[in-house]
Amino acid sequence: MAIAPSATEKRIEFSDNQRLIDLCGVCDENLNKIENSLGIHIIRQGNSLSLLGALPQIEVGNQALQSLYERASQGLTINEVEVNQTLEMALNNGEKNKTASDLDETDFNSELEIRTRKRIIAPKSKAQFEYLKNLSSQKITFGIGPAGTGKTYLAVAVAVASLLSKEIDSIVMTRPAVEAGERLGFLPGDMKEKIDPYMQPLYDALHDFLPPGTIEKHLASRTIEIAPLAFMRGRTLSNSFIILDEAQNTTRMQMRMFLTRMGLGSRMTITGDITQIDLPRGQESGLVEAQQILGNIKGIAFSELTARDVMRNRIVSEIIKAYND
């Protein structure tokens with residue numbers, strides 16, 4: 001990469017060399033990603049990094065590297081997703097595209113962490129920070145936004161942390177068994193084998209936070225329950241953290257049924273993407289209606305996430321933006 005003779009140089013010292021190694025990644029792959037994204041050059045010397053390039057890009061690179069080092073110090077794995085998210089936040093801050101909150105990135109990383117058996121989870125954007133605050137403080141939280149923004153992932157993290165700390169007695173996770181545009185036809189097997197494909201994303205999230213053996217024990221004892229939405233009818237769920245995923249595919253009656261299942265000592269989270277409704281034509285989404293009629297009820301919070309909050313590969317954010325344009 002050619003660097004102009006007038007390039008600015010900034011040197012950053014790091015106190016913990018192991019954390020710096022974690023930050024840099026295998027064969028410095030994380031540094032290479034930052035270099036290519038910002039058009040700068042990064043030289044690693046001992047426990048320091050030297051950044052060379054245009055001053056605005058150097059400042060963004062410095063902010064991103066400091067944030068990634070802090071995350072590595074907290075025990076978080078620094079992978080491509082972390083690097084992409086951190087770069088986007090640093091770029092947004094550099095362009096002064098901030099939300100109404102005046103919190104700096106380091107504030108919302110350090111103030112709100114979710115600890116589970118396998119991971120420490122921290123918000124990666126201000127919208128995620130507000131969403132996590134609602135998940136921890138409100139009786140009912142709606143998380144609405146496109147795929148990959150962490151709606152369900154963060155909700156499951158908070159649920160698991162609440163179970164481990166004995167704030168609740170059980171976790172109940174559900175989603176409507178609606179086909180995403182395909183006609184899958186007859187599925188072989190018993191009831192569990194028929195419904196598990198629909199529930200797999202919830203199992204995937206659990207495996208990020210709990211060891212497999214622990215999950216099986218919780219499922220067997222029903223302290224963690226994963227079931228289709230239809231199985232919720234007639235129940236009262238007390239002292240539980242209850243998650244409804246893919247809520248855009250609930251009907252009005254299903255949403256009303258679900259919301260009235262909440263018993264004493266419980267919290268609810270409803271997640272969905274109103275741009276991906278798979279209900280039959282003419283059928284109104286219960287999530288869309290809930291947005292319209294529940295906004296003024298105390299104890300109910302709505303968190304909206306956007307393509308900026310996508311936690312997956314950076315290209316997913318670009319795909320979402322392209323479809324929305």
Side-chain angles (χ1 to χ4, degrees), residues 76 112-124 127-145 147-176 195-196 198-229 231-232 235-247 250 255 258-273 287 290 299-303 305 309 311:
L76 299 175
L112 192 57
E113 293 179 347
I114 308 301
R115 293 178 177 270
T116 68
R117 289 275 173 81
K118 293 177 69 175
R119 295 192 178 197
I120 301 172
I121 307 301
K124 297 179 177 64
Q128 287 188 357
F129 177 81
E130 295 299 329
Y131 180 46
L132 276 175
K133 281 206 304 184
N134 288 335
L135 287 171
S136 301
S137 63
Q138 300 296 322
K139 291 293 185 182
I140 300 176
T141 299
F142 286 82
I144 301 174
T149 50
K151 306 182 299 296
T152 305
Y153 191 82
L154 294 174
V156 174
V158 173
V160 169
S162 299
L163 183 66
L164 295 175
S165 64
K166 302 188 184 302
E167 294 176 36
I168 56 169
D169 296 333
S170 63
I171 299 172
V172 179
M173 298 190 289
T174 185
R175 48 172 21 203
I195 64 176
D196 272 359
Y198 293 104
M199 305 296 127
Q200 191 58 49
L202 300 176
Y203 287 108
D204 291 343
L206 279 177
H207 279 281
D208 269 1
F209 306 126
L210 290 170
T214 303
I215 294 173
E216 295 305 320
K217 289 179 182 177
H218 282 303
L219 291 172
S221 65
R222 297 180 69 82
T223 51
I224 295 179
E225 180 182 354
I226 301 177
L229 182 58
F231 287 21
M232 298 296 109
R235 301 181 62 183
T236 300
L237 303 170
S238 300
N239 300 315
S240 301
F241 197 110
I242 312 155
I243 299 172
L244 170 59
D245 191 32
E246 296 290 325
T250 60
M255 178 62 75
F258 175 79
L259 291 171
T260 55
R261 299 308 92 201
M262 187 167 74
L264 296 175
S266 288
R267 301 206 305 271
M268 276 187 169
T269 302
I270 297 95
T271 68
D273 178 3
L287 180 59
I300 299 180
F302 285 82
S303 295
L305 299 105
D309 307 301
M311 297 169 62

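The side chain to side chain contact (heavy atoms under 4.5 Å, CB included) test with V172 is passed by exactly one of M232, M268, R261: M232. Across T269, L135, T116, a single residue satisfies side chain to side chain contact (heavy atoms under 4.5 Å, CB included) together with V158, and that is L135.
Contact detail for G145 and D273: the closest heavy-atom pair is O-CB, 3.2 Å. Closest non-hydrogen pair, A247 versus L287, comes out as O-CB, 3.5 Å. Closest approach of I300 to Q138, counting heavy atoms only: N-OE1, 4.0 Å. Closest of all the heavy-atom pairs between A159 and I168 is O-CD1, 3.9 Å. Across all non-hydrogen atoms, the minimal contact from S221 to H218 is OG-O, 3.2 Å. Scanning all heavy atoms of the two residues, the minimum distance from P228 to T174 falls at C-OG1, 3.1 Å.
Between the side chain of T223 and the backbone N or O of S170, no donor-acceptor pair lies under 3.5 Å. Side-chain N or O atoms of T236 include none that pairs as donor or acceptor with a backbone N or O of G263 at under 3.5 Å. Using modelled atom types, no side-chain atom of T271 and backbone atom of T152 make a donor-acceptor pair closer than 3.5 Å. Within the 3.5 Å criterion, the main-chain N or O of K133 finds no donor-acceptor partner in the side chain of S136. At least one donor-acceptor pair closer than 3.5 Å links the side chain of Q128 to the backbone N or O of T149.
Between the CZ atom in F142 and the CG atom in L244 there is a gap of 8.5 Å [rounded to 0.5 Å]. Atom CD of E216 sits about 10.0 Å away from atom CG of L206, to the nearest 0.5 Å. Taking CZ of R175 as the reference point, atom CZ of F258 lies at 13.0 Å (rounded to 0.5 Å). Note that the CD atom of E225 and the CD1 atom of I171 stand 11.5 Å from one another [nearest 0.5 Å]. In this structure, F209 CZ and T214 OG1 are separated by 14.5 Å, a value rounded to the nearest 0.5 Å. Once rounded to the nearest 0.5 Å, the distance linking CG of D245 with CD1 of I226 reads 10.5 Å.
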(Q) Checking I114 against V160 for the side chain to side chain contact (heavy atoms under 4.5 Å, CB included) test, could you report, in this order, the C-alpha distance in whole Å, the side-chain angles of both residues, the deciding distance, and whether it holds? (A) CA-CA 9 Å; I114 308 301; V160 169; over 6 Å; no
Q | Worked verdict on L210 versus I224 for side chain to side chain contact (heavy atoms under 4.5 Å, CB included) | A | CA-CA 12 Å; L210 290 170; I224 295 179; 3.9 Å; yes
Q) Under the side chain to side chain contact (heavy atoms under 4.5 Å, CB included) criterion, do L305 and K151 qualify, and how do the steps go? A) CA-CA 8 Å; L305 299 105; K151 306 182 299 296; 4.0 Å; yes
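Contacts of F241 classified as ring-ring contact (aromatic ring centres under 6.0 Å, His included), with partners at least two apart in sequence or in another chain: none.
Between the side chains of Q200 and D204, a donor-acceptor pair is found at a separation under 3.5 Å.
Every pair tested for salt bridge (Lys or Arg N to Asp or Glu O under 4.0 Å) that includes a residue from residues 156-166 fails, sequence neighbours excluded, so the list is empty.
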